[in-house]
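When a residue number appears, it is its place in the shown sequence, counting from 1. In each ligand, atom 1 is the first atom listed, and ligand 1 is the first ligand listed.
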Amino acid sequence: MASVFEQRLGAALEQRRQQDLYRQRLTLDSPQGPLVRLHNREYLNFCSNDYLGLAAHPKVLESFLRAATEYGVGSGASHLVCGHSRPHQALEEALAELTGRPRALLFSSGYAANTGTLATLLRTGDQVFQDRLNHASLLDGGLHSGARFRRFAHNDVADLERRMAGVDGAKLVVVDGVFSMDGDTAPLAELSALCRRENAWLMVDDAHGIGVLGETGAGSLEAAGMGVSDVPVLMATLGKALGVAGAFVAGEELLIENLIQQTRNYIYTTATPPALAAAALAAVQLLHEESWRREYLATLVARFRRGALEQGLPLMESHSAIQPLLVGDAGSAVALSQRLRAAGLLISAIRPPTVPAGTSRLRITLSAAHSEQQVDYLLEQLGRHWCQ
Ligand SMILES: *Cc1c(COP(=O)(O)O)cnc(C)c1O
């Protein structure tokens with residue numbers, strides 16, 4: 001007789017297949033870049049988060065190799081035991097400087113940074129308010145924090161204000177700076193003004209803004225002119241525009257020292273390899289040395305939007321590197337993604353539960369590593385396959 005676990009697991013897979021929600025991984029045989037190799041064929045890559053083309057940048061690689069030679073591969077322990085080395089420290093200092101904050105603290109992933117920070121800040125009796133479209137790691141952190149969990153309508157500050165009115169307890173408002181599946185940005189000035197009136201703290205997850213937005217690439221807060229007093233908790237990742245892996249939280253000494261003392265996902269986990277920190281430090285330096293990447297990416301985004309508009313494609317309200325095209329049902333989104341794959345384009349169909357039901361989409365991402373010709377080819381193929 002099949003055990004209850006076998007039955008449950010079998011049913012879960014079957015249900016996903018029937019609803020066009022079954023997911024499969026691609027196995028790449030090349031570095032990240034505008035062209036990637038998959039099953040001995042090259043594809044134009046429009047689905048990675050390597051927005052600046054730094055994941056395989058020679059300086060990032062060189063820094064990684066040099067640090068691996070000097071520090072070895074494994075960090076050997078958690079940060080609080082003996083896993084914290086000079087490259088980790090140097091990266092934290094560079095991230096604090098980039099974001100204009102007193103301190104920054106590394107985490108091994110954005111998921112760990114978000115869930116850990118929320119667990120540390122919140123307790124029973126508190127209130128956490130989250131945008132409906134926040135990243136899963138923020139929602140999970142909020143749900144498991146013990147605080148009363150409230151979602152508000154996407155980017156709707158008036159709805160948030162109504163929900164906050166007359167509510168007791170410590171209040172934390174949490175948003176993505178750039179929404180990962182929509183590409184639009186949070187109204188940070190309005191949110192921070194509301195938080196000030198309500199005596200609430202604001203936390204921003206800038207996974208998709210760091211490196212890309214703002215004069216120096218410091219992200220959404222720089223673009224919005226917000227400092228540490230407006231947004232006490234800033235989290236961002238190192239695995240997207242910065243091309244490496246891991247994440248950080250930046251803020252005042254009081255916040256960072258509490259994360260070091262209390263956050264279980266920080267304390268009870270092995271520090272990432274020092275060479276990763278050295279690679280990320282090289283990427284942070286490239287934000288300054290190769291600022292053309294940010295400017296060029298913005299011209300590609302404008303070029304894509306102009307072309308898509310001319311063809312009547314269903315663009316979303318995004319001016320970031322994330323340029324989704326809304327399809328609707330999951331099956332059609334997958335079929336479209338497969339037709340584009342046959343034409344040599346790698347574009348993922350994003351389906352529930354990552355996005356709300358009925359809003360499946362192609363999530364197209366642009367990178368400073370793309371050429372204008374590659375973006376034009378993308379537009380041409382979208383025009384050809386969209387309505388078939
Ligand atoms: C990718 C992402 C994360 C998770 O970061 P990882 O380092 O990949 O775990 C968190 N928040 C947002 C908005 C993201 O897009």
Side-chain angles (χ1 to χ4, degrees), residues 23 25 32 47-52 54-55 88 91-92 95 99 104-119 121 128 130-145 151 154-155 172-186 188 191 202-213 219-221 223 231 233-250 259 263-266 269-273 276-277 279-280 283-284 316 318 320-324 348 350 353-356 361 363-367:
R23 296 169 179 221
R25 301 173 303 171
Q32 281 299 323
C47 57
S48 103
N49 300 317
D50 181 22
Y51 303 127
L52 297 177
L54 299 184
H88 297 118
L91 176 59
E92 286 182 350
L95 291 168
T99 58
L105 183 71
L106 294 177
F107 282 83
S108 48
S109 74
Y111 194 96
N114 279 339
T115 52
T117 301
L118 289 167
L121 284 174
V128 60
Q130 297 212 18
D131 188 291
R132 279 203 163 280
L133 298 189
N134 275 357
H135 190 262
S137 55
L138 293 172
L139 301 176
D140 291 357
L143 284 167
H144 298 148
S145 66
R151 292 208 210 189
H154 176 52
N155 274 350
L172 181 69
V173 174
V174 185
V175 295
D176 282 17
V178 175
F179 287 85
S180 53
M181 298 300 137
D182 291 56
D184 57 345
T185 50
L188 294 178
L191 288 168
L202 179 57
M203 170 173 176
V204 174
D205 171 342
D206 209 22
H208 300 277
I210 192 84
V212 176
L213 298 179
S220 301
L221 303 193
V231 180
V233 191
L234 168 63
M235 172 274 178
T237 66
L238 306 173
K240 286 161 182 152
L242 289 165
V244 185
F248 69 94
V249 173
L259 295 176
T263 304
R264 297 171 70 84
N265 330 15
Y266 183 75
T269 200
T270 301
T272 53
L276 277 186
V284 171
M316 293 178 64
S318 162
S320 69
I322 304 165
Q323 289 294 324
S348 51
I350 303 288
T354 308
V355 292
R361 63 199 67 181
R363 180 176 182 269
I364 294 166
T365 49
L366 299 173
S367 162

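Residue Gly239 places every heavy atom at 4.0 Å or more from ligand 1.
Nearest protein heavy-atom neighbour of atom 8 (O) of ligand 1: Lys240 NZ, 4.3 Å. Nearest to atom 15 (O) of ligand 1 among the protein's heavy atoms is His208 NE2, 2.5 Å. Among protein heavy atoms, atom 7 (O) of ligand 1 sits closest to Gly110 N, 2.7 Å.
The shortest non-hydrogen separation linking Met203 to Asn114 is CE-OD1, 3.4 Å.
Between the choices Phe179, Tyr111, Phe107, the shortest heavy-atom distance to atom 9 (O) of ligand 1 belongs to Tyr111. Across Val204, Asp205, Asn114, heavy-atom proximity to atom 13 (C) of ligand 1 is greatest for Asp205.
The contact set between ligand 1 and Ser137, taken as ligand atoms under 4.0 Å from a residue heavy atom, comprises 10 (C), 11 (N).
Side-chain atoms of Tyr111 and Asp140 form a donor-acceptor pair, as typed in the model, at a separation below 3.5 Å. Residues Ser220 and Asp206 bring a donor and an acceptor atom of their side chains to less than 3.5 Å of each other.
Residue Ser180 has no nitrogen or oxygen atom sitting less than 3.5 Å from a nitrogen or oxygen atom of ligand 1, judged on distance alone. Note: no N/O pair closer than 3.5 Å links Thr237 and ligand 1 by distance alone.
At distances below 3.5 Å, not a single donor-acceptor pair connects side-chain atoms of Asp182 with backbone N or O atoms of Asp184. Between the Thr365 side chain and the Ser48 main chain, a donor and an acceptor come within less than 3.5 Å of each other. For the pair Arg151 (side chain) and Asn134 (backbone), a donor-acceptor distance under 3.5 Å is absent.
Residues Leu242 and Val284 meet the side-chain proximity criterion, which asks for heavy atoms closer than 4.5 Å.
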